[in-house]
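Take a look at the structure below.
All residue numbers refer to positions in the sequence shown, counting from 1. No hydrogens, no waters, no symmetry mates; every other heavy atom, side chains included, goes into these values.
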Amino acid sequence: QVQLVESGGASVQAGGSLRLSCAASEFMYRMTWFRQAPGKEREGVATIDNSGYTYYADSVKGRFTLSKDNAKTTLYLQMNTLKPEDTAMYYCAARPARVAHWFRGDLYDYWGQGTQVTVSS
């Protein structure tokens, strides 16, 4: 059973930055950040595989950077130039195997409890 604990969410003004962390009991093949805003579908934000390859949603490309610290088994999401539309609960998810569509949340086996990000204009 993999445990994932997110932290770092906060309320910030538009244009600001935040760094989210996901402390994992172990890393799986694919580690991904999702987000869900009230009344909206869950969205894949960024993902990294065990080779270090990263992919991003178009909505965050150039603003968000995903990285991981293997020694600490911690995943980071650096979020810059935040916009009000980035407001959501952010979740860390893990999958032990390859997946064709990294952005599909229903394919992930393990989830954290989430951390709230609120961006005001």
What one should report as the nearest heavy-atom pair of L75 and C92 is CD2-SG, 4.0 Å
Return the minimal non-hydrogen interatomic distance between A46 and Y56, and the atom names on each side.
CB-CD2, 3.5 Å
Between R35 and Y91: side-chain donor-acceptor atoms closer than 3.5 Å
no
Are T74 and D69 close enough that a side-chain donor and a side-chain acceptor fall under 3.5 Å?
no
What about W102 and V45, same hydrophobic cluster or not, with Ile/Leu/Val/Met/Phe/Trp/Tyr joined at side-chain heavy-atom distances under 4.5 Å?
no
Any chain of hydrophobic side-chain contacts (each under 4.5 Å) joining V99 to V2?
no
Donor-acceptor contact below 3.5 Å, side chain [X] vs main chain [Y]:
{"X": "T87", "Y": "P84", "answer": "yes"}
{"X": "R104", "Y": "D106", "answer": "no"}
{"X": "T32", "Y": "T47", "answer": "no"}

Kindly compute the distance separating [atom1] ([X]) from [atom2] ([Y]), expressed to the nearest 0.5 Å.
{"X": "F64", "Y": "S17", "atom1": "CZ", "atom2": "OG", "result": "9.5 Å"}
{"X": "L4", "Y": "S25", "atom1": "CG", "atom2": "OG", "result": "6.5 Å"}
{"X": "R30", "Y": "S51", "atom1": "CZ", "atom2": "OG", "result": "9.5 Å"}
{"X": "R98", "Y": "L107", "atom1": "CZ", "atom2": "CG", "result": "15.0 Å"}
{"X": "N80", "Y": "T65", "atom1": "CG", "atom2": "OG1", "result": "6.5 Å"}
{"X": "L66", "Y": "I48", "atom1": "CG", "atom2": "CD1", "result": "5.0 Å"}

Any [X] side-chain heavy atom under 4.5 Å of [Y] side chain:
{"X": "E43", "Y": "S59", "result": "yes"}
{"X": "Y76", "Y": "S21", "result": "yes"}
{"X": "Q78", "Y": "R19", "result": "yes"}

Without placing hydrogens or testing angles, list every side-chain donor-acceptor pair under 3.5 Å for residues 110-121, not counting sequence neighbours.
{"unit_1": "Q113", "atom_1": "NE2", "unit_2": "E6", "atom_2": "O", "d": "3.2"}
{"unit_1": "T115", "atom_1": "OG1", "unit_2": "G9", "atom_2": "N", "d": "2.9"}
{"unit_1": "Q116", "atom_1": "NE2", "unit_2": "A88", "atom_2": "O", "d": "3.4"}
{"unit_1": "Q116", "atom_1": "NE2", "unit_2": "T118", "atom_2": "OG1", "d": "3.4"}
{"unit_1": "S120", "atom_1": "OG", "unit_2": "V12", "atom_2": "O", "d": "3.4"}

Ring-face cation contact, F27 with K68, 6.0 Å cut, 45° max:
yes
Ion pair check, D86 and R63, cut-off under 4.0 Å
yes
For K61, is there an ion pair with D58 - N to carboxylate O distance below 4.0 angstrom?
yes
Can you confirm if the aromatic rings of Y108 and F34 lie within a centre distance of less than 6.0 Å?
yes
Got more than 12 heavy atoms from elsewhere within 6.0 Å of CD, E85?
yes
